[in-house]
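First comes the structure, then the notes that go with it.
Heavy atoms only: backbone and side chains are in, while hydrogens, waters and symmetry mates are out.
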There are 2 protein chains.
Amino acid sequence: MVQYQATVDHAFAALADPTRRAVLERLGAGSATISELAEPFAMSLTGMRKHIRLLEEAELVTTEKVGRVRRCMLVPYAFEGISTWLQRLDRFAQVVERTKGAP
Amino acid sequence: MVQYQATVDHAFAALADPTRRAVLERLGAGSATISELAEPFAMSLTGMRKHIRLLEEAELVTTEKVGRVRRCMLVPYAFEGISTWLQRLDRFAQVVERTKGAP
DNA sequence: CTGATACTGAACCATCTGGTTCAGTATTGC
DNA sequence: GCAATACTGAACCAGATGGTTCAGTATCAG
């Protein structure tokens, strides 16, 4: 039925790292290059590239190489899958909570 | 302003592991003991206890020790924080997307 | 052409993570 | 009281993860 599992898997793994979440927030303000993303973290370009690659695999970020620059941006609607998953759980939690009152 | 960061941090870390997400789904159907949770994963009780402890620290699950049994259950509304965080990002992504069309 | 810029790939490293086993402790049922 | 049950804490381990450096390659500016 719901078969987005593989991507959701990658997405949650990608979101686990605070640096990557900060990158996502940064990209929320508009696209950026690897250098621009690496600079505020005082991180090597290689290091940032690895994070971006993970985010790409999780389909949260797309990139496009223009000349010698790689431009990174958020994928629209990328968070819907996991957002849905979480809300479903929240609904369950509320049901369980209510059940507890009437045993 | 928004200062739920520390918890959100733990929550995302907790959600990164597929076993833990499965445990959350399982708890969505109602409370369970450590043994009950460990069994379907063919995992040691110690192993499962570690997962539960993480979920407790992330404030996604609460537990209560009754006699020699530990009962685990979902925390209602626990996912609101991260769900909100994700939706905000999604809104940003859509703005960025629209901006791209009109440079 | 030349040098600087922007990235990339390979190799490496320390630390974190998800799991285990083993030896307890506390409860429960007979 | 005794044995089985349910968990817990400590110690350990293999592999993943987040980072680095170094030696390239490709592009751009002068």
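Computed from coordinates, the A/Arg53 CZ to C/dT8 C1' distance equals 8 Å when rounded to whole Å. If you measure from atom CD of A/Glu36 to atom C1' of C/dT5, you get 13 Å, rounded to the nearest angstrom. Atom CG of B/Asp17 and atom C1' of D/dT17 are 14 Å apart (whole Å). Rounding to whole angstrom units, CZ of residue A/Phe41 and C1' of D/dT20 are separated by 17 Å. In this entry the distance linking CD1 of B/Ile52 with P of C/dG19 reads 12 Å, nearest Å. Residue A/Arg70 contributes atom CZ, which lies 16 Å from atom C1' of C/dT5 at whole-angstrom precision. Rounded to whole angstrom, the span from the NZ atom of B/Lys50 across to the C1' atom of C/dT20 amounts to 8 Å. Atom CG of A/Leu45 and atom C1' of D/dG19 are 13 Å apart (whole Å).
Between B/Ser44 and the phosphate of C/dT20, there is a side-chain N or O to OP1/OP2 separation shorter than 4.0 Å. Within the structure, every side-chain polar atom (N or O) of A/Arg49 is placed at least 4.0 Å from both OP1 and OP2 of C/dA6.
In summary, B/Arg70 and B/Glu36 do not engage in a salt bridge, as defined by a charged side-chain N under 4.0 Å from a carboxylate O. Taking the charged nitrogens against the carboxylate oxygens, B/Arg20 and B/Glu25 have no contact shorter than 4.0 Å, which rules out a salt bridge.
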task = Show the numbers, then the answer: is there a salt bridge (Lys or Arg N to Asp or Glu O under 4.0 Å) between A/Glu39 and A/Arg26?
result = CA-CA 12 Å; A/Glu39 194 265 337; A/Arg26 167 60 231 276; over 6 Å; no
inquiry  = Checking B/Val23 against B/Val61 for the side-chain contact (heavy atoms from CB on, under 4.5 Å) test, could you report, in this order, the C-alpha distance in whole Å, the side-chain angles of both residues, the deciding distance, and whether it holds?
reply    = CA-CA 10 Å; B/Val23 165; B/Val61 164; 5.7 Å; no
message = As a quick check of understanding, evaluate side-chain contact (heavy atoms from CB on, under 4.5 Å) for B/Leu15 and B/Ile82, giving each step before the final call.
response = CA-CA 11 Å; B/Leu15 287 166; B/Ile82 46 188; 3.4 Å; yes
request  = Give the C-alpha distance, both sets of side-chain angles, the deciding distance and a yes or no for side-chain contact (heavy atoms from CB on, under 4.5 Å) between B/Phe79 and A/Gln87.
outcome  = CA-CA 7 Å; B/Phe79 305 94; A/Gln87 281 166 9; over 6 Å; no
request  = Could you walk me through whether A/Lys65 and A/Arg71 pass side-chain contact (heavy atoms from CB on, under 4.5 Å), step by step?
outcome  = CA-CA 6 Å; A/Lys65 186 119 186 196; A/Arg71 189 139 291 275; over 6 Å; no
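At a threshold of 4.0 angstrom between heavy atoms, the contacts of B/Arg71 with the nucleic acid are absent.
For B/Thr46 and C/dG19, a side-chain-to-base donor-acceptor distance below 3.5 Å is absent, hydrogens and geometry of angles not being considered.
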For nucleotides 26-30 of chain C, print each protein N/O atom paired with a nucleotide N/O atom at under 3.5 Å, atom names and distance only.
residue	atom	partner	partner atom	Å
C/dT27	O2	B/Arg68	NH1	3.0
C/dT28	O4'	B/Arg68	NH2	3.4

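Annotation: of the two residues near DNA chain D, B/Val69 and A/Gly47, the 5′-most nearest-nucleotide partner is B/Val69.
Ranking D/dG19, C/dG19, C/dC22 by closeness to the B/His51 side chain, first place goes to C/dG19.
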